[in-house]
Amino acid sequence: MTPITDPAADGIRLQKVLANAGVASRRVIEEYIVEGRIRVNGEVVTELGRRIHPETDLVDVDGTAVQLDVSKRYVMLNKPTGVVSTMRDENGRPDLRRFTKDYEERLYNVGRLDAETSGLLILTNDGDLAHVLAHPSFGVTKVYIAKVEGTVTAQTIAALTKGIELEDGPIAADKARLLDASRGSSLVELTLHSGRNRIVRRMMAAVGHPVTELVRRQFGPLHLGTLPAGKSRELTKIERGALLTLARQDAPADATPGDVQEKQ
């Protein structure tokens, strides 16, 4: 009789992999395993001798994904205005190369912000994660602060969330609120999951309040915080875990790579 072998028997012990990833000590990880808090490829692990292949296996602890592939890099950039969201602009405009030149890895931007929009942009060499975050089919939310002309009323805020008609179809904000109104202008916060081209600017123009300044403050689980314009930083372990958890969700049937046109 041919013996049945464990496909992960030639891998590395789970405790060692997770300890090296900075999750916890090996002893604490063993406690997690016994408590059923760790999953490998979606299945709860309960045996202490479990071995895995870090290059291919997906591990999560308490439902949060763990980064095992150390070759992947994740960077948050507060893109300033005047910079186009491309790695090389054929028209000679300022591009993103100035923010990636100091990284050993070849990084790419996730989605786009137009030249006159500032705020949170993710740079990474993780193509799978980039596809999930940028593709509108996955419904990743983004939060924008728009300075607009005129005094925005409660009725206008209600219209933005109820839905308005644009030339390419109806659109509704997931959330909208007025932050301030003074001296002939207003600050409006919009939460959207749409990836349609320049959608914030078009929505506000449609309700009679053209945008004069626009910044993206949040992208999925990431918050811009106090990161100054033109500065970047690597994501924390918690932020990376949140992004990877999001990236491992099931892909919609109509989501195909290379179909991302987001630009605000």
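Just so you know, residue 1 is the first one in the sequence shown, and it goes up from there.
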Worksheet item: Can you check whether Arg51 reaches Arg13 side chain to side chain, under 4.5 Å on heavy atoms?
Response: yes

Discussion item. Is there a path of hydrophobic side-chain contacts, each under 4.5 Å between heavy atoms of I/L/V/M/F/W/Y residues, joining Leu192 to Val143?
Written reply: no

Worksheet item: What distance separates Ile145 CD1 from Gln218 CD, expressed to the nearest 0.5 Å?
Response: 10.0 Å

Practice prompt. Determine the minimum heavy-atom distance between Ala229 and Asn78, stating which atoms define it.
Written response: N-ND2, 3.3 Å

Worksheet item: More than 12 foreign heavy atoms under 6.0 Å from NZ of Lys147: is that the case here?
Response: no

Discussion item. Between Arg196 and Leu166, is there a side-chain heavy-atom distance shorter than 4.5 Å?
Written reply: yes

Discussion item. Within the 3.5 Å criterion, strictly below it, is a donor on Asp89 or Thr86 matched to an acceptor on the partner's side chain?
Written reply: no

Practice prompt. Ignoring hydrogens and angles, tell me if any N or O in the side chain of Asn91 forms a donor-acceptor pair with the backbone of Arg93 under 3.5 Å.
Written response: no

Worksheet item: Does the side chain of Leu68 reach to within under 4.5 Å of the side chain of Leu18, using non-hydrogen atoms?
Response: yes

Worksheet item: Around atom CD of Glu55, are there more than 12 heavy atoms of other residues, nucleotides or ligands at under 6.0 Å?
Response: yes

Worksheet item: Any link between Tyr108 and Leu77 through a network of hydrophobic side chains (Ile, Leu, Val, Met, Phe, Trp, Tyr) touching at under 4.5 Å?
Response: yes

Discussion item. Could you report the tightest heavy-atom contact between Val200 and Ala146, atom names first, then the distance?
Written reply: CG1-CB, 4.4 Å

Item to complete: With the side chain counted from C-beta on, respond yes when Ser194 and Ile171 share a heavy-atom pair under 4.5 Å apart, and no when they do not.
Response: yes

Discussion item. Could you see if Val40 belongs to whatever hydrophobic cluster contains Leu58? Use Ile, Leu, Val, Met, Phe, Trp, Tyr and a side-chain cutoff under 4.5 Å.
Written reply: no

Worksheet item: Among the clusters formed by ILVMFWY side chains lying less than 4.5 Å apart, do Val28 and Leu48 turn up in the same one?
Response: yes

Discussion item. Would you compute the distance between atom CD1 of Ile38 and atom CD1 of Ile33 and round it to the nearest 0.5 angstrom?
Written reply: 4.5 Å

Fill in: Worked verdict on Arg217 versus Val215 for side-chain contact (heavy atoms from CB on, under 4.5 Å)
CA-CA 6 Å; Arg217 297 292 309 175; Val215 57; 4.2 Å; yes

Practice prompt. For residues Pro80 and Phe99, report the shortest heavy-atom separation together with the two atoms involved.
Written response: CD-CZ, 3.8 Å

Discussion item. Are there over 12 heavy-atom neighbours, none belonging to Glu43, within less than 6.0 Å of that residue's CD?
Written reply: no

Worksheet item: Yes or no on side-chain contact (heavy atoms from CB on, under 4.5 Å) for Leu244 and Asp126, after CA distance, side-chain angles and deciding distance?
Response: CA-CA 10 Å; Leu244 290 171; Asp126 187 337; 4.0 Å; yes

Discussion item. Nearest 0.5 Å, please: how far is CD in Glu234 from OH in Tyr103?
Written reply: 5.5 Å

Practice prompt. State the NZ-CD1 distance between Lys16 and Ile52, to the nearest 0.5 angstrom.
Written response: 12.0 Å

Worksheet item: For the atom pair CG (Asp62) and CD (Glu35), what is the distance rounded to the nearest 0.5 Å?
Response: 8.5 Å

Discussion item. For the backbone of Leu107 and the side chain of Thr100, can you confirm whether one donor and one acceptor N or O come within less than 3.5 Å of each other?
Written reply: no

Practice prompt. Measure the shortest side-chain to side-chain distance between Arg202 and Ile199 over non-hydrogen atoms and say whether it is less than 4.5 angstrom.
Written response: yes

Practice prompt. Measure from the side-chain N and O atoms of Asp60 to the backbone N and O of Thr245, and report whether any donor-acceptor pair falls under 3.5 Å.
Written response: no

Discussion item. Is there a side-chain contact between Leu187 and Glu189 in this structure, where contact means two heavy atoms from C-beta onward sitting under 4.5 Å apart?
Written reply: no

Worksheet item: Checking Asn125 side chain against Arg73 main chain: does a donor-acceptor pair fall under 3.5 Å?
Response: yes

Item to complete: Walk me through it: do Val140 and Phe219 pass the test side-chain contact (heavy atoms from CB on, under 4.5 Å)?
Response: CA-CA 7 Å; Val140 180; Phe219 194 129; 3.8 Å; yes

Discussion item. Strictly distance-based, threshold 3.5 Å: is any side-chain N or O of Lys79 a donor or acceptor partner for the main-chain N or O of Asp114?
Written reply: yes

Fill in: Heavy-atom closest pair, residues Leu113 and Ser118
CD1-O, 3.8 Å

Practice prompt. Check whether any side-chain heavy atom of Glu116 lies under 4.5 Å from a side-chain heavy atom of Arg201, and answer yes or no.
Written response: yes

Worksheet item: Which is it for Leu224 and Arg216 under the side-chain contact (heavy atoms from CB on, under 4.5 Å) test, yes or no, and what are the steps along the way?
Response: CA-CA 8 Å; Leu224 191 59; Arg216 181 161 67 192; over 6 Å; no

Fill in: Any side-chain heavy-atom pair of Ser85 and Leu121 under 4.5 Å
yes

Discussion item. Same cluster or not: Val84 versus Leu214, using hydrophobic residues (I, L, V, M, F, W, Y) connected whenever any side-chain heavy atoms lie under 4.5 Å apart?
Written reply: no

Practice prompt. Provide the closest heavy-atom pair for Ala24 versus Ile29 in the form atom of the first, atom of the second, distance.
Written response: O-CD1, 3.4 Å

Worksheet item: Does the Lys72 side chain pair with the main chain of Thr124, one donor and one acceptor, at a distance under 3.5 Å?
Response: no

Fill in: Heavy-atom closest contact (Val132 atom, Leu246 atom, distance)
CG1-O, 3.7 Å

Worksheet item: In Å and rounded to the nearest 0.5 Å, what is the CG to CD1 distance from Leu243 to Ile238?
Response: 12.5 Å

Practice prompt. May I ask you to say whether Arg233 pairs ionically with Glu239, meaning some side-chain N is under 4.0 Å from a carboxylate O?
Written response: yes

